[in-house]
Amino acid sequence: MERWKPSYDCEEDAMAAPSVCPVAETVPTAQRIFGDISTNRLWTFRVRVNERLSAHEQLGIVGSCEALGNWKHTGAALMTREESQDEDEDGHVWTAQVYIPRHCDTQYRYVVFGVDAASEQLLVRRWEVQLEPRCIKELDEQPPECQETFGCVNGQEKVDRGWLTKESLVQLKFFYAPFTWKQRMKRRLVHVKVTPMNLRIPTTGCAEMAPVSTLEDSLSNDTHDTRENGGDSTAFAFSEVVTLSADSCEVRTQEQFGTACSATDLVIFHLTVADLDNVAYLVDLYSYKSKVEREDGPPHHLGYHYVLPNLFKRSEGNLELPITCAKTHRPLGMMKLGYLIVKPSSYSAHMDMRVSYTRYWNNKWTGLDVGHRGSGTSFKAMDAVIRENTITSLKNAAEHGADMVEFDVQLSKDLVPVVYHDFMIYVSLKSKCSMQEHDFLSLPMRELTLEQLKKLKVYHTAEGLSRETRSFHNDDLLEHQPFPQLADVLEALDEHIGFNIEIKWSQRLQDGRMEEEFEHVVDRNLYIDCILDVVLRKAGSRRIVFSCFDPDICTMLRYKQNRYPVMFLTLGHTTKYQKYMDPRGNAMETAVWHAVAMELLGIVAHTEDLLRDPSQVNLAKERGLVLFCWGDDNNSKDTIKLLKELGLHAIIYDKMDVLTTKEVKQSVFLLQAKDSQKEMLKLQALEMGHVWHTSASGSEEQQA
């Protein structure tokens, strides 16, 4: 599906937090009636889907009336597929008759649902995400033989993957052919296939149970794929895969005999499962002896391993597993793989489908000025007078024309999202008035509760290492204090100031050390849920973009909500910082592939890498990605000018009051809101018979 960025300006209630309302019950029928028939009209929906849906996928309609679920996916009207004479054709026509309100407009979207017949649970697989949904006007009459096309509205095709509601996402990562074999196997190109298997014990008696096919039989054809293909022992799941490469970086259905995992491949198996605790994963390994054999017949089944759910101790980790020979059932070798478990947030089921901004970016939003930690890093420059990542710092950047402010969020020990950059802090053990060599202690910030962070005398890492304290302007005032709560920041700043919220998460470096000295104690899913809960409740209509250096955190942010866009922060080729063990952010190219695969809005590139090779900007633009940049190199008017000329969508830099070249010190979002208000006043004036003209001063006025 082509990446998309709308060029129109209609943004009513843009990026508003989703409303919370009771979840409706699913009524899988093609005809519904709510209320008096005299107040409703029967409408026939007919739409063509130009792709072949799987056995457990079904088209549905969600919309603005009760019969269409009031934008809740659980209340959607499911459609019926029309019989086709040509069963081999790709795509089918789906229909439904629904009573919709007679005396008001009805807005709606088409959705591809995954339907679990056992639990009657609906999974949002893919849905139309145009900023403006389809609409049936109050006075519209049913057009004869009208047929719409799924995903295509007014000539623009925009379809996104859904988010997790009750199901879970399991990713198994096979990076750089992680297999250890006997000598004779080392040069083999291995193909891997992963099949979710049902572990739940049937409730029927043993005599009624269907016979279980042998392992070899189940591996010789495509019917063992998942329950969507009819297998009895397979789980209800959708088994997909992506290879991060220039040729293939979009998630796709697995092939019958798996995906090649060579020494240069980054392969991620993308598995959506409904019953996480009762699903195992059958990993099959295949190999072809020659290219001729690959074209003419099936491969050799080398080996297999069952990955049981009890091996997933946390939301992420690494496994070293034995490979069992498919022929002799003896040990054949070992394989190492990483895994990620993404669970739905507690808020997920309440998100509606009225609008999504996960890949929305207005074409007018280019060269935006983003205040780094508000008014800039305060512990690198000795002339800084405002402490970084405080409410005052953020407000100061906004007052000097920042379109957005960037700041860092992590959790305190009591799981409160606070704004702070460093993982480590120094705590005074004695007097607050002076610092002697042994007067302070280095601690992970996450080891202190919010109350402790507020009450204790806490020093920045730079102060602890240099033994020199810093003082800032009005440091004792509340809005000048470090560790402001994310909820307070969302309420304190004007809603027309956009937020780039960087999620802090310590990663493992290439040398094996952690960025933070200690391992994580809070699970990834809980960590992200705590942050999302605050944002979704407090954000209002503010423009918000999430970002993170950890690619798996970006994936979690993308699939835990359907409202806000996510961008992948990258190091690229650098001499200033140590690279991460995870390769996805260590080069611009792999970062772009990951962003495309996980349907992220874009990437935040390191300016050092962009200046080394400016042509890399095209890597992102050609894929339709939005491109921000960060780095100390941005703190120069000449560099900012160059980056804007290269077409970057936003530049993150320090000292907004010094480096901005804006004449009007207002955010682009505020100016856009004012323009929208003017247009509305013009329309109202015309409707009332008034004349609207432009005065000699250039201002627009209304006359009777």
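Checked by atom type, the side-chain pair N278/N198 shows no donor-acceptor distance below 3.5 Å. Between the side chains of N500 and S547, at least one donor N or O sits under 3.5 Å from an acceptor N or O. The closest side-chain donor-acceptor pair between D116 and H56, if any, does not fall under 3.5 angstrom. Between the side chains of S412 and D414, a donor-acceptor pair is found at a separation under 3.5 Å. Judged by distance alone, the side chains of Y527 and Q410 never bring a donor and an acceptor atom under 3.5 Å apart. Checked by atom type, the side-chain pair W505/H520 shows a donor-acceptor distance below 3.5 Å. Using modelled atom types, one finds a donor on one side chain and an acceptor on the other under 3.5 Å when comparing N525 with K560.
Taking the six-membered ring for Trp and the full ring otherwise, H606 and Y577 have centroids separated by under 6.0 Å. F407 has its ring centre less than 6.0 Å from the ring centre of F499. Proximity of the aromatic rings of Y288 and H300 is defined here by a centroid distance below 6.0 angstrom, and this criterion is not met. Less than 6.0 angstrom separates the ring centroid of F269 from the ring centroid of F174. Aromatic ring centres of W593 and F568: separated by at least 6.0 Å. Annotation: Y286 is in aromatic contact with H301 [ring centroid separation under 6.0 Å].
With salt bridges taken as basic N to acidic carboxylate O contacts below 4.0 Å, one links E51 and R126. Salt bridge annotation for K193-E255: absent, with no cationic side-chain nitrogen under 4.0 angstrom from a carboxylate oxygen. We find that R584 and D552 are joined by a salt bridge, their nearest charged nitrogen and carboxylate oxygen being less than 4.0 Å apart. Using a cutoff of 4.0 Å between basic side-chain nitrogens and carboxylate oxygens, D529 and K343 are not scored as salt-bridged. Salt-bridge formation is not detected for the pair K504/D422: no Lys NZ or Arg NE/NH1/NH2 atom is positioned less than 4.0 Å from an Asp or Glu carboxylate oxygen.
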Could you please spell out the steps behind the side chain to side chain contact (heavy atoms under 4.5 Å, CB included) verdict for M445 and E516?
CA-CA 10 Å; M445 195 225 75; E516 181 186 357; over 6 Å; no
Show your working on side chain to side chain contact (heavy atoms under 4.5 Å, CB included) between V194 and L282 and close with a plain yes or no.
CA-CA 6 Å; V194 180; L282 172 60; over 6 Å; no
Start with the C-alpha distance between R359 and E599, add both sets of side-chain angles, then the distance that settles side chain to side chain contact (heavy atoms under 4.5 Å, CB included), and finish with yes or no.
CA-CA 8 Å; R359 288 200 290 175; E599 293 194 349; 3.8 Å; yes
Go through the steps for D352 and R563 under the test salt bridge (charged side-chain N to carboxylate O under 4.0 Å, His left out), then give the verdict.
CA-CA 9 Å; D352 63 41; R563 184 55 53 111; 3.3 Å; yes
Apply side chain to side chain contact (heavy atoms under 4.5 Å, CB included) to D408 and V419, showing your working.
CA-CA 5 Å; D408 312 278; V419 178; 5.6 Å; no
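Listed here is the closest heavy atom pair of L332 and L302: CD2-O, 3.6 Å. Nearest approach of R524 to L340, heavy atoms of both residues: CD-CD1, 4.3 Å. Residue Q561 comes nearest to L557 through the heavy atom pair NE2-O, 3.0 Å, listed as atom of the first residue, atom of the second, then distance. Looking at every heavy atom in both residues, G151 comes nearest to V159 through CA-CG2, 3.4 Å. Closest approach of G602 and A595 over heavy atoms only: O-CB, 4.1 Å. Closest approach of A597 to L244, counting heavy atoms only: CB-CD2, 3.8 Å.
With hydrogens and angles ignored, the 3.5 Å screen pairs no side-chain donor or acceptor of T328 with any backbone N or O of C325. A distance-only check finds a donor-acceptor pair linking the side chain of E608 to the backbone of T575 [under 3.5 Å]. Between the side chain of E622 and the backbone N or O of L619 there is no donor-acceptor pair closer than 3.5 Å. Side-chain atoms of Q578 never come within 3.5 Å of backbone atoms of Q510 as a donor-acceptor pair (strictly under, hydrogens ignored). No donor-acceptor pair closer than 3.5 Å links the side chain of S356 to the backbone N or O of V129. Here the side chain of T461 pairs a donor or acceptor atom with the backbone of M424 at under 3.5 angstrom. Using modelled atom types, no side-chain atom of T570 and backbone atom of G585 make a donor-acceptor pair closer than 3.5 Å. In this structure a side-chain-to-backbone donor-acceptor pair under 3.5 Å is present from N586 to Y580. Judged purely by atom type and a 3.5 angstrom limit, T607 has no side-chain atom pairing as donor or acceptor with the backbone of L610. Listed for the E167 side chain is no donor-acceptor partner under 3.5 Å among the backbone atoms of L123.
Proximity of C548 to C554: side-chain heavy atoms (C-beta onward) are separated by under 4.5 Å at one or more points. V535 is listed as a side-chain neighbour of I501, based on a closest heavy-atom distance under 4.5 Å. Contact check for M567 versus F546: no side-chain heavy atoms found under the 4.5 Å cut-off. L285 is not listed as a side-chain neighbour of H305, based on a closest heavy-atom distance of 4.5 Å or more. Side-chain contact between R188 and K289 is present, with at least one heavy-atom pair separated by less than 4.5 Å. Side-chain atoms of Q171 and L271, non-hydrogen and from C-beta on, never get closer than 4.5 Å to each other. Inter-residue side-chain proximity for Q507 and P551 is flagged as met; some heavy-atom pair is nearer than 4.5 Å. Residues Y426 and L441 have side chains not in contact (no heavy-atom distance under 4.5 Å, counting atoms from C-beta outward).
Atom CD1 of I553 and atom CD of E502 lie 11.5 Å apart (nearest 0.5 Å). To the nearest 0.5 Å, atoms CG (L571) and CE (M588) are separated by 13.0 Å. The CZ atom of R508 sits 8.5 Å away from atom CG of N318, with the distance rounded to the nearest 0.5 Å. One finds the CG atom of L337 at 9.0 Å from the CZ atom of F179 (value rounded to the nearest 0.5 Å). The structure places CH2 of W181 at 3.5 Å from CD1 of I323, a figure rounded to the nearest 0.5 Å. Q121 contributes atom CD, which lies 6.0 Å from atom OG1 of T165 (distance to the nearest 0.5 angstrom).
Between F312 and Y339, the ring planes are tilted. Angles from 30° to 60° get that label. Ring-plane geometry between H329 and Y304 is classed as perpendicular, the angle between the planes exceeding 60 degrees on a 0 to 90 degree scale with a lower cut at 30.
Counting heavy-atom neighbours within 6.0 Å of K336 NZ, excluding the residue itself, gives a total of 12 or less.
Partners of E240 under the side chain to side chain contact (heavy atoms under 4.5 Å, CB included) rule, at least two apart in sequence or in another chain, are R125, R161, V251, H270.
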